[in-house]
Amino acid sequence: MEVDCFLYFHIIFKGRVNRPASYHQTKTMRVRSFFAALLLLGMSAAAQLRTPDEFLGYSLGSKFTPHYKIVNYFNQAAAAMPQVMKLEKYGETNEGRDLLLAFVSSAENMARLEDIRKNNLRLTGMLKDKPADPSAPVIVWLSYNVHGNEASSSEVSMKTLYELLNPANAQTKEWLKNTVVIIDPCLNPDGRDRYVNWFNQMVGKNANADIASREHQEPWPGGRVNHYNFDLNRDWAWQTQVETQGRVKKYNEWMPQIHCDYHEQYINNPYYFAPAAEPFHEVITPWQRQFQVTIGKNHARYFDANGWLYFTKEVFDLFYPSYGDTYPIYNGAIGMTYEQAGHSQGGLAAVTSDGDTLSLKDRIAHHFTTSMSTIEIASKNAAKLIGEFKKYFDDANTTGIGEYKTYVITENNEGKRKALQAFFERNGIVYGSVNASSAKGYNYFTGKEESFAAVGSMAVSAYQPKSSLVKVLFEPKSKLSDSVTYDITAWSLPYVYGVQTYAVKERLAMSSYSSRKISGTVSAAAYGYLVNYNSFEDVKFLAALLDAKFKVRFAEKEFGFNGRSFAKGTLIILKKGNEDKLQQFADMAIAYNASVTEVSSGFVDSGFDFGSDKVHLIKKPNVVLLTGRGVNPNAAGEVWHLFDQQLDYPVTLMNAEDVGAGDLKNTNVLILPDGNYKFLQSKDAAAEIKAWVQQGGKIIAFDNAAAQIARADWGIKSKKEDEDKKKDDKKDDKDAYADLKRYENRERDGIVNNIPGAIYKVELDNSHPLAFGYGNNYYSLKLGDEMYEFMKGGWNVGVIKKETQAAGFVGNKLQEKIKDGTVIGVQPLGNGSIIFFADDPIFRNFWENGKMLVANAVFLVWN
Ligand SMILES: [Zn+2]
C-alpha cells in the first residue's frame, strides 16, 4: 500500500535515533537490490548511488551539511544514475557557490527530456512551432532553502533525491513514469553557508536544546538573506539578485505545473501547508484553489497518521507577486509555500514552548513527507494537471485576463523604457509597439480616462501566455479580498518605473518593438560635452565618470545652446580639467549608451554660461554606509548593492556600533539605512557627528534613521509626536464606548492602523538638485505613517499635501494622517546637510524610480 510504503521510509529514517533491530537487515536488502540494479544497467561499482548517510559519513540531521557537500552529493548521484538523473548548473552566487537543478524522471522520460520541455512550452503558447502533445508528463519543481537559516530543507533535498533514484523504491519509480521532478537543492547557498558555518562553530559535541544558548542566537545579518542582504523570497518578479535571475530564466524555460517553496518559521509553530490564506489575488483560478486543497488533504493524511500538528488557510496569503508561491501561480502553476518550525533558532535541537524538543531530524521528516506527498499527488493527477494547465494558457492567450487589454507605455525617457524592457525580458513578457495613431485609456498619473497619441509606443497585450502576471503587475489598483496581508499591497509597474502609461480596454494591434540606439560623436576639438541626466542609466554614467576622476559639472537651471534647450541637471564635461581623458570619455559614452552633445563654446543662448557659479562642479563623494547590529539588514543591503553592483562606485561599509566622528575623516557622505542607531541616542556621540556635518559632512537618512534624527533635534521635526499629543488632549471627546472591542476581531481591528505598503503621490520641488531628472510628482511606496513638519530653514523637496493615495491598502485611521507633511527633505546644518527620506525609496531595489533620488542625494546635493 502506498501509505505504508511511504511511511516505511520514515521509520527507517527515524530509526537512526532509536535504531530498530531490523535496521541493518533492511539496509542490506536495499544495498543488494541496488547492486542488482547497477549490474542490470551495466555500470561500474565505483559510480554506485549512495544514501546521504553513506556519502556524508553521518546520519542526516545529526549535523548541518555545508553547501559544497550537498553539491558533491548531487554530483555523485548524477554520475551514478545518468539514465534517470541530469544535473545542471544554472548560475553562481556572489560568493562563487554553484546553483544547481537536478532533473529526475524515468529513463524513458529522461531520454526525451528536451522534447518534454519544449512540449510543455507548447502547452503554454510560449513555443509555437507545432501543436502540443496533451499526454505529457507533469512537471513538479521543488525549491529548497531560499532562506539560508531555514536550513532543514537542503538536507531534505538529498533524501528526496535519493528516494527518487533508489531502484529499490518501487513507489517513486511508479510516480516518475508520468512525472518529471526538478530539484533545486539550495536557492540561497551563500545565506545557508553563512548560517551553517556559524552554527558549526558555535555548537559543541552535544547540541544544546536551550534556545537561550548561543547556538540559537544568530548574529547580524543572519543567514536568511543572500550576500547583499536580499530576501530572495521577495525577488521572484523583480530579479534584482543574481540567484533569482538565473533561477527565473530556467523557470521560464520549464514552466512547471507545480512549484513548492520550502521554508521554516518560528520554532513554536506547527507545520504549514496549502491551501493558502486569504487574500488570494482575483486572477487565481478556481482550479488553482481547488488543487491546493487536494494537495493539502494528501499531506494531512500523512501528518494525521504520524500525529504531527499542522495548520492551513492562515497567515500565508497569495497576493504580492514576488514570492516562490505567487510567482508560479501567476505563471499558471500550483504554487505553494511549506513552512516547518525551526527557522534560525532551531539548531540541531530546541526546546519549544510546549516543552517538547524539536530536532533537526523531525524537521527533515516533515519536509520530506510533503516533498514525497506532493510528487505522489501530482503523479496521480498528472492528466488532469496537464489538461488544466493547457486550459489556463488557452484562456490567457485567447481571452486576455482582466478588464484592460493593452498597456501602452508612452514614456519618452529612453533610460526608463530600457529598464522596463529588461524587466519584460527577464519575465518572458511579450511586448511590442502600437500601430494605431491614437487610443483612449486610463492615465495612471491623473487617474482619468484620456485620449493619447499611441503610435510607435511600447505596449504589452493581455493576450499572451503571461496574461495573469501582466494583469497583476500592471493593474492600477489590486482588489484585496481580505486586507490582513503579509506584505505590500501595491506595485503597479508605471509607478515602480516612473513611466507614463495608459491602460486601454481594447486590444490594440502591435508590431515588434525596436529601441532607439543613441550615439553621439565625440571629438577632441570640442570645448565640452553635454550629457542628458534624467534616468538611472545616466546616473551609472555619472558614477563612472566621477570614479574615473573626471571633472563633472551640472547646470542648476535649464539653458539653451545652439537653439536646443537642455534640462536642469544636464551634466557638463568641459575640456578644461579633463584634457588628458577625452578619448576615455568618448569610449565611456559609447559603453554607457549616453546621449552626448558636443559644444564649441561656453557661451549659452539662455541660462547660465558654463563658467558661472550656478554651474556646479560636483564634489566627488567618499561614501560610508553604516551596517551591522542595529541596522535593518535588508535596507543596508539595498544601498550596498546599489553602489557596489549597479553603480560600480566605491562605498565603505562601517559598523554602526563602532562608528565615531574620528572614522569619518576621509569621508563626506554618511548613509544611515533604516535602523536604530546607538550613537544617535548618546548625547556626546550625536554631538560629535553633528559637528562633523557642520564642518561639511552630509548625512543621508532613511526610515527610522530619519525618525531618530528628528528626535535628536537637528531641525527636523516629526509630525507624529505632535499628533500624538493632540490625540491625548482630545481623548475625552471620543465615543465613550470606542475602546470596547470584540476579542475575535483583534486581527482585523489592528489593521485600521496599518499601512502595508501603499502608493502615494508626492509633490516634488524639482528645482532642487535632489529631484533633478524628475517631473513635478513622484509616486512613493509608503511603508509607514512617518511624516515630517514643513521645514522653515530647510528644503521640503517631497511633500504630500492632501490625501493623495494612488493605490494599495491603508488602514482608515492612518489615511487621515498621511497628508500635509514632508517626506523627502534637506536640512542644511552649518557647512553640511542632512537629507532624509521618510520611506525607503529603493525598497527591495525593485522600486526603480526611487534610485535616482538616492543617487542625487549622494552626487548632486552639496551645500
Ligand atoms: Zn522562509
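First listed ligand is number 1; within each ligand, the first listed atom is number 1. Position 1 is the first residue of the sequence; numbering continues from there.
Here F316 and Y323 keep their ring centres 6.0 angstrom or further from each other. Here W254 and F103 bring their ring centres to under 6.0 angstrom of each other.
Applying the salt bridge (Lys or Arg N to Asp or Glu O under 4.0 Å) test to pairs two or more places apart or on separate chains, those with a residue in residues 363-372 are E264-R363. For residues 235-249, the pairs satisfying salt bridge (Lys or Arg N to Asp or Glu O under 4.0 Å) are K249-E253, with sequence neighbours left out. Note on residues 306-316: no pairs pass salt bridge (Lys or Arg N to Asp or Glu O under 4.0 Å), not counting sequence neighbours.
Checking each of E150, E95, E155 against R192 for a salt bridge (Lys or Arg N to Asp or Glu O under 4.0 Å) leaves exactly one that passes, namely E155.
Protein atoms of type N, O or S found under 2.8 Å from the Zn ion (ligand 1) total 4.
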